[in-house]
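Just so it is clear, the model here is predicted, and its values are computed rather than measured. Ligands are counted one by one from 1 in listed order, and the atoms in each one are counted from 1 as well.
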Amino acid sequence: LEVDKWKGKRLNLIAETVAGGSEWKTRTRLSDEMSDEDLVYREEYRPQFHFSPRRGWTNDPNGLVYYKGIYHLFFQHNPYGTSWGNMTWGHAVSNDLLHWTEKPDAVIPDKNGVIFSGSAVVDWKNTSGLQKKPVKDKSGNIENPPLVAFYTSTGANRGKGPSAQSMVYSLDEGNTWFKYPRNPVIPHIIGGNRDPKVFWYEEKKNTNGNQGKWIMALYMDKEDYALFSSGNLIRWEKICDIKDMGCSECPDMFELPVDGDKDNTRWVFWGGNGKYLIGTFDGITFKKEGGPFDAKHGGNDYAAQTYSDIPASDGRRIMFSWMSGGQYPGMPFNQQFTVPRNLTLRETPQGIRLVIEPVKELESLRVSNPVTLSVKLKGNEIPVNIPDLKGELLDIEFLFNLKNSESRDTSKTINIEIFGQTISYRKNINTIEMEGIRAPLTPVDGKIKIRLITDRTSVEMFANDGSVQIAKCFVNSRKSPASVVISGNQDLESFEATVYNLRSVWKR
Ligand code: FRU
């Protein structure tokens with residue numbers, strides 16, 4: 001526990017339940033250094049470019065907000081153990097979404113309970129009035145707006161307290177956070193209602209262009225969600241129900257252009273396990289047009305959240321997701337996030353769908369001089385080994401050309417083995433599969449594109465430019481050297497591969 005902020009004060013340590021033989025009294029000490037200072041980020045199973053907590057447990061990404069060139073990443077954190085518990089908001093910052101510096105925990109449990117998931121926004125117009133000394137520039141914009149975050153307080157009174165929505169704010173660009181004194185801002189409504197995701201809704205019809213309001217998407221109970229609105233981030237009223245999502249927890253909601261056309265937008269409503277609705281939103285009612293659709297098909301991928309306040313000049317919808325269920329044997333930390341992804345909407349033969357791709361920043365980790373390969377197959381299923389591979393951090397782009405024939409071959413059209421993980425595609429059922437996780441995929445102009453990104457404990461697959469993405473954790477023992485083996489049946493004509501090594505973000 002970092003105790004800096006209580007410097008000069010008296011510290012009372014109270015142990016409530018102590019196991020027999022506990023050494024807590026003799027092993028507790030005060031130090032100016034973290035006990036693992038020279039070992040941290042050098043551990044055997046430390047993800048090399050995926051976010052993971054310095055130590056302790058994480059699950060959901062929280063409070064993703066961009067402000068003044070910095071991506072803030074808060075995360076569900078157990079600072080005191082490697083399994084779920086003591087929920088606290090950890091905090092890390094980055095200027096490229098890849099190199100993270102962990103800061104002291106931002107929001108710690110209090111009399112209202114522990115700190116569950118939520119979101120953060122920049123209150124540009126100081127609608128909350130939380131900035132008591134606003135400084136305005138020449139055009140009247142506030143130069144020091146408050147950053148405001150929402151989370152679920154739950155489990156006060158030794159776990160019995162209900163869940164309610166609380167607020168914290170920062171007046172120093174996200175460094176330190178104060179609890180709002182009259183928390184919770186939304187008292188308990190139903191069940192385990194939780195995970196507030198707040199965003200600013202700009203009123204489009206308004207001609208002077210600066211009217212709007214805050215919207216909060218909230219998980220209610222069972223498979224139901226609701227929307228709330230507010231003018232000042234403090235008083236909230238319910239405006240709309242969103243029912244039967246086919247999932248629970250961790251909502252997100254955002255507007256995106258279809259195929260980049262700003263005059264043709266849709267709203268996406270997103271739930272904990274990656275089910276999403278496509279629809280319209282007029283500031284009061286979300287009207288569903290389609291869904292729930294599946295953005296993921298299983299795998300290690302849950303409770304994703306997108307960034308707030310990405311500048312319009314960038315315009316991306318950037319998402320992190322928890323790679324739930326990964327194993328990190330013997331490590332002082334537990335769990336990691338996916339690579340950052342960018343979400344767009346694409347018109348497909350089946351209708352409008354989300355497309356999910358790694359952000360372009362990831363390419364900055366590519367080491368130059370990739371291994372390239374172009375192979376014409378003779379329909380003989382002879383495996384092709386990509387030669388000269390080194391390292392475990394790979395970013396591979398495959399382009400597979402399928403034969404034009406109408407064959408009924410039911411065997412694997414494409415098969416890739418990488419670090420003991422299998423990725424395959426079957427043309428007869430238009431299905432891609434990674435380690436038993438299946439998703440529909442149809443060739444585009446007779447081609448299948450597959451991008452694979454491997455880290456020490458995970459592989460992520462993106463097919464046909466993000467129409468399908470699957471994330472999978474595994475423990476790479478690294479006993480054997482890197483090997484990527486490709487085979488195919490008579491329907492595969494040829495393939496090209498470009499294999500980049502990726503740099504670790506921890507090289508110091
Ligand atoms: C999702 C979740 C959230 C909750 C948080 C608690 O993984 O269950 O609904 O806020 O984790 O850690």
Establish, yes or no, whether a centroid distance under 6.0 Å links the rings of [X] and [Y].
X    : Y    : answer
W270 : Y302 : no
F286 : F281 : no
Y66  : Y71  : yes

- prompt: Think R46 forms a cation-pi with F333, using NZ or CZ under 6.0 Å from the six-ring centre and within 45 degrees of its axis?
  reply: yes

For [X], atoms of ligand 1 separated by under 4.0 Å from a heavy atom:
X    : value
Q76  : 5 (C), 6 (C), 12 (O)
S117 : 5 (C), 10 (O)
D195 : 3 (C), 4 (C), 9 (O), 10 (O)
W322 : 7 (O)
F116 : 4 (C), 6 (C), 10 (O)

- request: Determine, using heavy atoms of N59 and all atoms of ligand 1, whether some pair is separated by less than 4.0 Å.
  value: yes

- prompt: Heavy atom of Y302 under 4.0 Å from ligand 1?
  reply: yes

message: Heavy-atom distances under 4.0 Å decide this one: backbone, side chain, both or neither, for Y219 against ligand 1?
response: neither

message: As an exercise, state the distance from CG of D105 to CZ of F74, rounded to the nearest 0.5 Å.
response: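 Going from the CG atom of D105 to the CZ atom of F74 covers 11.0 Å.
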
task: Please round to the nearest 0.5 Å and tell me the distance separating atom CD of Q421 and atom OG of S458.
output: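 Going from the CD atom of Q421 to the OG atom of S458 covers 10.0 Å.
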
task: Quickly, which of T306, D301, N300 forms a side chain to side chain donor-acceptor pair (under 3.5 Å) with S321? Name it, please.
output: D301

- prompt: Which residue supplies the protein heavy atom nearest to atom 7 (O) of ligand 1, what is that atom called, and how far is it?
  reply: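 I find the closest protein heavy atom is D60 OD1, 2.8 Å.
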
- prompt: Please state which protein non-hydrogen atom is closest to atom 8 (O) of ligand 1 and give its distance, to 0.1 Å?
  reply: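 That would be E249 OE2, 2.8 Å.
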
